[in-house]
**Student:** 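What follows is a single structure, and I will ask about it in a moment.
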Amino acid sequence: MIQHMADHVEHIYLALGYTDFRRQITGLTAMVALKFKLDPYSGTTLFLFCNKRHTVIKALRWDGNGFLLATKQLANDMKFQWPKTQGELRDINIRQMQWLLEGLQIDQKKAHPQTVDTTSTVF
């Protein structure tokens with residue numbers, strides 16, 4: 001579900017550290033606007049939040065006439081590899097989000113680049 005919420009987005013923002021998950025749509029939109037100084041009503045932006053134990057992610061997105069809030073909870077004591085820097089925001093791409101949702105770190109040192117420069121290739 002969270003991956004579908006990322007369709008046609010220009011930015012995917014992680015709220016680094018942990019978020020108090022007693023917050024729902026109103027509290028999360030207020031956090032985006034007041035703490036991070038971003039527009040929660042941007043339909044091309046997806047905001048991701050993680051709980052303290054790194055077992056649940058919430059995704060928030062404006063769809064034009066209301067907010068969508070999706071939750072992904074891991075099973076069997078698995079944890080998301082969520083960046084720990086508290087209070088900051090990080091813009092990631094769709095590939096990094098997929099890694100995150102698969103339980104991998106968003107900074108893969110050995111991953112191949114998404115695009116390969118073929119301008120100097122001769123066939």
**Student:** First locate atom CG of L68, then atom CG of L60, and finally report the distance between them rounded to the nearest 0.5 Å.
**Tutor:** 8.5 Å
**Student:** Backbone N or O of M78 within a donor-acceptor pair of the N76 side chain at under 3.5 Å?
**Tutor:** no
**Student:** Crowded around D77 CG? As in, over 12 foreign heavy atoms under 6.0 Å?
**Tutor:** no
**Student:** Quick one: CZ on R22 to CD on Q24, what's the gap to the nearest 0.5 Å?
**Tutor:** 11.5 Å
**Student:** Is it the case that more than 12 heavy atoms not belonging to Y18 sit under 6.0 Å from its OH atom?
**Tutor:** no
**Student:** Would you compute the distance between atom CG of L28 and atom CZ of F47 and round it to the nearest 0.5 angstrom?
**Tutor:** 10.5 Å
**Student:** Going only through I, L, V, M, F, W and Y residues with side-chain contacts under 4.5 Å, is there a path from L46 to I106?
**Tutor:** yes
**Student:** Looking at Q81 and L104, what are the two nearest heavy atoms and their distance?
**Tutor:** CB-O, 3.5 Å
**Student:** Tell me whether I57 shares a hydrophobic cluster with F67, the cluster being built from Ile, Leu, Val, Met, Phe, Trp, Tyr side chains joined at under 4.5 Å.
**Tutor:** no
**Student:** Show your reasoning for whether side-chain contact (heavy atoms from CB on, under 4.5 Å) applies to L101 and K72.
**Tutor:** CA-CA 8 Å; L101 295 176; K72 178 170 182 171; 4.1 Å; yes
**Student:** I'd like to check V32 versus F49 (side-chain heavy atoms, cut-off strictly below 4.5 Å). Are they in contact?
**Tutor:** yes
**Student:** Which atoms form the tightest heavy-atom contact between G17 and W82, and what is the distance?
**Tutor:** O-NE1, 2.9 Å
**Student:** If you look at every heavy atom in H11 and D91, which pair is closest and at what distance?
**Tutor:** ND1-OD2, 2.6 Å
**Student:** According to a hydrophobic-cluster definition based on side-chain heavy atoms being under 4.5 Å apart (Ile, Leu, Val, Met, Phe, Trp, Tyr only), do L100 and M5 belong together?
**Tutor:** yes
**Student:** Would you find a donor on one side and an acceptor on the other, under 3.5 Å apart, between the side chain of K79 and the backbone of R53?
**Tutor:** yes
**Student:** Taking atom NZ of K52 as the centre, report whether more than 12 heavy atoms of other residues, nucleotides or ligands fall under 6.0 Å from it.
**Tutor:** no
**Student:** What are the two closest heavy atoms between M97 and A6, and how far apart are they?
**Tutor:** CE-CB, 3.7 Å
**Student:** Output yes when a side-chain donor or acceptor of N51 lies under 3.5 Å from a complementary backbone atom of V56, and no otherwise.
**Tutor:** yes
**Student:** Tell me, do R61 and D63 make a side-chain contact under 4.5 Å, heavy atoms counted?
**Tutor:** no
**Student:** How far apart are the closest heavy atoms of Y13 and T45, and which atoms are they?
**Tutor:** CD1-CG2, 3.4 Å
**Student:** Once you round to the nearest 0.5 Å, how far does CD1 of I12 lie from CZ of R95?
**Tutor:** 13.5 Å
**Student:** Would you say L48 ends up clustered with L69 if hydrophobic residues are merged whenever their side chains have heavy atoms under 4.5 Å apart, either directly or through other cluster members?
**Tutor:** no
**Student:** What is the distance from atom CD1 of I92 to atom CD of Q98, rounded to the nearest 0.5 Å?
**Tutor:** 10.0 Å
**Student:** Taking all non-hydrogen atoms of both residues into account, name the closest pair between M31 and R23 and its distance.
**Tutor:** CB-NH1, 3.3 Å
**Student:** Would you indicate whether the side-chain heavy atoms of T85 and R90 approach each other to under 4.5 Å?
**Tutor:** no
**Student:** When rounded to the nearest 0.5 angstrom, what distance separates CD1 in I25 from CH2 in W62?
**Tutor:** 10.0 Å
